[in-house]
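Letters A, B, ... are given to chains in the order of the sequence lines, protein chains preceding strands, and every chain is numbered from 1.
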Amino acid sequence: MNVIEIDRLTKIYETHMRRGNITALDGVSLGVGQGEIFGLLGPNGAGKTSLLKVLLGITQATAGDVFIFGLRPSNPESRRKTGYLPENHRFPNHLTGQGLLEFTGRLFGLPQKVIDAQSDRILPLVGMDRWANTKIRKYSKGMMQRIGLAQALLPDPDILLLDEPTDGVDPVGKMEIRQVLQKVREEGKTIFLNSHLLSEVESVADRVAILSRGKVVRVDSVANLTRKQSQYQIEAAIGNNLVDVPAESGKVISVSSDGMLVEVPNFEGLNKIIDLLRLRGVLIKSVKPLTITLEQSFMEIVAGGEVAEGETRT
Amino acid sequence: MKGIARDTVLEMFDRKMIWLFLIITLLAVLITLASGGLRVPIEEQSSQQGLTGLEGIKAAIIAPVTIAYMWILSLLGILGTAGLFPRMLERGRAEYYLSKPISRGSLYFNKMFGIFIAYFGVISLSLIVVYATLTLVHGSFSLRLLLTTIATGGVVFFIYLSIAICAGIIAGSHAIAIMTAFIIGVAQWALSGRQVIKQLVDSSLFSGILDGFYYIIPKTGEILDIGRDFALGRPVPSWMPLWSSLLFSLVVILVTIWIFNRKNY
């Protein structure tokens with residue numbers, strides 16, 4: 001069952017000037033299942049933040065339908081079990097970190113006991129227990145992100161919506177945030193991750209949607225997006241054997257004494273090449289589909305960029 | 001929702017507004033103490049006010065002073081609070097508030113309630129201190145005057161607050177919120193003297209427009225007069241300025257919520 005359902009969502013910002021309207025989202029349809037880490041990718045201005053804002057009722061849709069737990073964003077109850085970390089947030093800076101969590105808890109209508117228990121659990125989890133009584137205005141960018149994640153986790157949400165969660169966080173902090181997200185996923189919660197850091201999304205997300213100019217251009221699993229569909233790395237003791245591959249089976253892209261990289265039209269072609277190698281007495285150690293980074297896949301899809309050979313990885 | 005009200009109080013302390021009110025209160029107390037040596041021109045006042053008895057005459061002098069002090073504090077309160085809504089709804093902060101499971105109408109009312117309780121509470125406290133000092137120095141304590149002044153100040157503060165919040169939400173600007181409240185204040189003052197303006201411009205259309213604006217725009221100056229008359233036990237000539245101003249505020253609040261519900265952040 002999908003906990004987030006988006007159907008032909010369109011968002012047009014009217015400028016009231018002669019500059020014309022801005023179409024941020026153009027017929028976007030998506031579904032996110034329970035317990036899934038879903039990544040939303042796209043270049044700047046693709047409509048990622050607008051999509052999150054429409055989901056939360058911060059911005060209203062021009063057309064289409066949006067549901068969270070079957071409720072429309074206009075119903076405040078749709079946000080009862082959601083936690084949100086906005087991009088470029090500015091939390092009330094007269095509060096301390098602890099104060100922000102207490103205030104957040106009250107806005108969710110949580111009893112003080114629950115707020116205290118959740119604060120005690122979450123502050124160490126995001127590494128902010130030492131700074132809980134310091135005013136937010138004194139926090140660094142990384143600390144702001146951590147306390148932002150803490151306030152998003154406070155209501156013990158079933159859906160966590162994160163907009164650029166590691167923005168401004170140092171590498172150690174990024175790793176810690178990834179660990180927190182994994183823990184949240186292990187609890188069966190859904191994470192909707194909006195990021196332009198593709199490596200970050202690749203390392204945590206199950207599925208990804210790529211947005212470009214307000215349209216979804218691809219929705220797929222990270223595994224599928226990072227697989228170079230037709231290329232395989234064959235690890236084998238080829239030595240000095242010359243292997244002539246029939247054209248209908250595929251073609252050899254590169255060959256060395258300990259393996260070869262082949263491109264095949266289908267699995268049958270791959271098997272024919274393996275048969276050929278076996279006939280020549282070549283010992284095959286492994287056959288792996290060639291994978292590329294999510295960034296390379298993203299560039300191919302969005303920008304139509306060429307993937308440099310040296311950047312491919314197995 | 002006590003969370004938002006409590007947060008507004010914390011915000012007030014953080015913005016050091018409390019110190020401003022404290023300094024004004026201290027200054028007012030010092031001036032009041034220094035006024036102990038002044039001699040009240042009793043005969044002149046008694047002929048003007050039509051009052052008899054020393055206590056009544058003193059009350060007739062103390063009442064406008066007290067109400068004027070309340071008016072000044074309310075004005076400062078509006079200047080201090082006009083930016084709170086634009087501040088809450090600025091980019092990066094609006095997302096925090098609006099992503100919570102509360103409706104925008106509820107957010108509006110709770111924040112407005114928080115501002116009213118926090119700021120008007122301090123204003124009332126300041127008035128009580130100054131009025132207590134005033135009556136200690138000059139005598140003539142009247143609980144009726146004190147309560148009426150607080151109620152009158154509360155109405156005036158509420159009216160200007162609703163206007164400032166409306167402008168703040170529509171324009172998203174602290175400055176425009178203050179300017180709008182200021183313009184309404186000047187307009188109501190000008191319209192209270194519309195009979196003089198009518199004599200200057202001999203036009204029935206112009207007179208009609210002036211009268212129309214007079215009945216629409218809140219009449220805070222006349223509300224203060226109502227407060228003074230009521231406090232002194234005099235008959236109130238007309239309650240219309242009070243109820244028409246409150247009606248104006250009610251309409252402003254409804255329009256503000258309607259706009260707030262439709263705004264994109």
A.B. asks: Verify the neighbour count for atom CZ of B/F13: are there more than 12 heavy atoms of other residues, nucleotides or ligands below 6.0 Å?
C.D. replies: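 Result for CZ/B/F13: open.
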A.B. asks: Using a strict cut-off of less than 4.0 Å between a Lys/Arg side-chain nitrogen and an Asp/Glu carboxylate oxygen, indicate whether A/K189 and A/E36 qualify as a salt bridge.
C.D. replies: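 A/E36 and A/K189: not salt-bridged.
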A.B. asks: Between B/Y160 and B/S74, does a side-chain hydrogen bond (donor to acceptor under 3.5 Å, both in side chains) hold up when you go through it step by step?
C.D. replies: CA-CA 9 Å; B/Y160 282 116; B/S74 297; over 6 Å; no
A.B. asks: With only heavy atoms counted, which part of A/D163 is less than 4.5 Å from chain B, the side chain, the backbone, both or neither?
C.D. replies: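 Contact with chain B involves no heavy atom of A/D163 at all.
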A.B. asks: For chain A, which of B/R91, B/E90, B/R15, B/M88 has the most heavy-atom pairs under 4.5 Å?
C.D. replies: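 Ranked by heavy-atom pairs under 4.5 Å with chain A, first place is B/E90.
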A.B. asks: Inspect the contact between A/R121 and A/D129 and indicate whether a charged nitrogen and a carboxylate oxygen are less than 4.0 angstrom apart.
C.D. replies: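 No, no charged N to carboxylate O under 4.0 Å.
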A.B. asks: Quick check for you: among B/S103, B/G92, B/P101, which has the greatest number of heavy-atom pairs under 4.5 Å with chain A?
C.D. replies: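 Among the listed options, the one with the most contacts to chain A is B/P101.
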A.B. asks: Need one label for B/R87: side chain, backbone, both or neither, based on atoms under 4.5 Å from any heavy atom in chain A.
C.D. replies: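 When you check distances to chain A, only side chain atoms of B/R87 fall under 4.5 Å.
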A.B. asks: Please state whether the side chain, the backbone, both or neither of A/L161 comes within less than 4.5 Å of a heavy atom of chain B.
C.D. replies: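 It is neither, since no heavy atom gets under 4.5 Å.
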A.B. asks: May I ask you to check whether B/D7 and A/H94 show a side-chain donor-acceptor distance below 3.5 Å?
C.D. replies: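 Yes - a donor-acceptor pair under 3.5 Å links their side chains.
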A.B. asks: Evaluate the ring planes of B/F260 and B/Y265, with Trp represented by its six-membered ring, and classify them as parallel (under 30°), tilted (30 to 60°) or perpendicular (over 60°).
C.D. replies: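 The arrangement is perpendicular - the two ring planes meet at more than 60°.
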A.B. asks: Check each atom of B/Y97 against the heavy atoms of chain A and say whether the ones under 4.5 Å are side chain, backbone, both or neither.
C.D. replies: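 Side chain only.
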A.B. asks: Where on A/Y84 is there a heavy atom nearer than 4.5 Å to chain B: the side chain, the backbone, both, or neither?
C.D. replies: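 Contact with chain B involves the side chain of A/Y84 alone.
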A.B. asks: Which atoms of A/L100 come close to chain B, meaning under 4.5 Å heavy atom to heavy atom: side chain ones, backbone ones, both, or neither?
C.D. replies: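 Answer is both: backbone and side chain atoms of A/L100 are under 4.5 Å from chain B.
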A.B. asks: Indicate yes or no: does A/R146 engage A/E176 in a salt bridge with an N to O separation below 4.0 Å.
C.D. replies: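 Salt bridge: yes.
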A.B. asks: Select one option (side chain, backbone, both, neither) describing which atoms of A/P86 are under 4.5 Å from chain B's heavy atoms.
C.D. replies: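 Only the side chain of A/P86 comes within 4.5 Å of chain B.
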A.B. asks: Please flag which part of A/K81 lies under 4.5 Å from any non-hydrogen atom of chain B: side chain, backbone, both or neither.
C.D. replies: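 Contact with chain B: none, neither part.
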A.B. asks: Heavy-atom distances under 4.5 Å only: say whether A/S78 touches chain B with side chain, backbone, both or neither.
C.D. replies: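 Looking at A/S78, nothing touches chain B.
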